[in-house]
Amino acid sequence: MTVDSNGTLRNLELSESAGNRPMSQLAAEIMRIAQAARAKVPDLMQDAIADTVGVEDTAAQHILSEARRTFPQPEDEQPEQQSAPERGDFEDDDFSGGSFLR
């Protein structure tokens with residue numbers, strides 16, 4: 001996985017074996033790795049700032065502080081996964097085929 005300096009996902013490579021696990025587990029792993037990748041952004045910014053203006057600069061300190069707030073380190077404890085509710089006799093009369101994402 002590769003993210004840019006804005007934390008935007010730029011590349012994701014999955015092995016063929018990734019599909020051998022439940023999709024909810026795969027999704028959780030992708031999200032965990034994405035957060036870990038974004039959490040590296042402040043350290044990379046600090047290295048670049050140290051090599052240019054120096055980390056003692058007030059503006060640089062502000063930028064790094066904002067980056068750490070925007071891209072926090074992942075928590076060691078993962079929140080408990082909630083199971084999906086059972087579908088039962090669910091009636092869905094939306095046959096439009098359009099996206100449900102908004």
Side-chain angles (χ1 to χ4, degrees):
M1 177 174 298
T2 305
V3 297
D4 65 13
S5 62
N6 292 319
T8 303
L9 180 65
R10 292 295 176 195
N11 184 34
L12 174 64
E13 294 180 20
L14 299 173
S15 67
E16 292 297 322
S17 65
N20 295 340
R21 65 182 83 187
M23 290 296 112
S24 61
Q25 183 183 6
L26 179 60
E29 184 70 7
I30 289 171
M31 293 305 295
R32 184 189 67 75
I33 293 169
Q35 184 180 14
R38 286 190 299 269
K40 292 179 181 179
V41 170
D43 291 336
L44 296 171
M45 289 176 69
Q46 182 171 338
D47 291 346
I49 289 172
D51 291 343
T52 55
V53 297
V55 291
E56 297 81 22
D57 182 74
T58 306
Q61 289 176 5
H62 176 73
I63 291 168
L64 291 173
S65 173
E66 287 298 307
R68 286 190 179 89
R69 185 182 60 76
T70 303
F71 305 108
Q73 291 293 318
E75 294 179 15
D76 291 338
E77 251 182 74
Q78 293 183 0
E80 234 178 78
Q81 296 259 342
Q82 294 181 352
S83 59
E86 291 190 26
R87 293 193 66 133
D89 293 332
F90 180 73
E91 285 292 325
D92 183 6
D93 52 354
D94 177 22
F95 299 104
S96 67
S99 173
F100 61 90
L101 300 175
R102 298 182 197 264

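In what follows, residues are counted from 1 in the order of the sequence shown. This structure is a prediction, so every number in the text was calculated from the model and none was measured.
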**Prompt:** In the single-linkage hydrophobic clustering (I, L, V, M, F, W, Y; side-chain heavy atoms under 4.5 Å), do Leu12 and Met31 co-cluster?
**Reply:** no
**Item:** Residues which pass side chain to side chain donor-acceptor pair (under 3.5 Å) with Glu66, listed by chain and number, not counting sequence neighbours
**Value:** Arg69
**Request:** Just grab all the side-chain hydrogen bond (donor to acceptor under 3.5 Å, both in side chains) pairs involving residues 6-19, residues at least two apart or on different chains.
**Result:** Asp4-Arg10, Asn11-Glu13, Ser15-Ser17
Can you give me every donor-acceptor pair (side chain of residues 35-51, partner residue at least two apart or in another chain, under 3.5 Å) with its distance?
from  : atom 1 : to    : atom 2 : distance (Å)
Gln46 : OE1    : Arg68 : NH2    : 2.4

**Prompt:** So do the side chains of Leu14 and Ile30 get within less than 4.5 Å of each other, counting heavy atoms only?
**Reply:** yes
**Request:** Any chance you could measure Asp57, atom CG, to Leu64, atom CG, to the nearest 0.5 Å?
**Result:** 10.0 Å
**Request:** List the atom of Gln61, the atom of Glu56, and the distance in Å for their closest heavy-atom pair.
**Result:** NE2-O, 3.3 Å
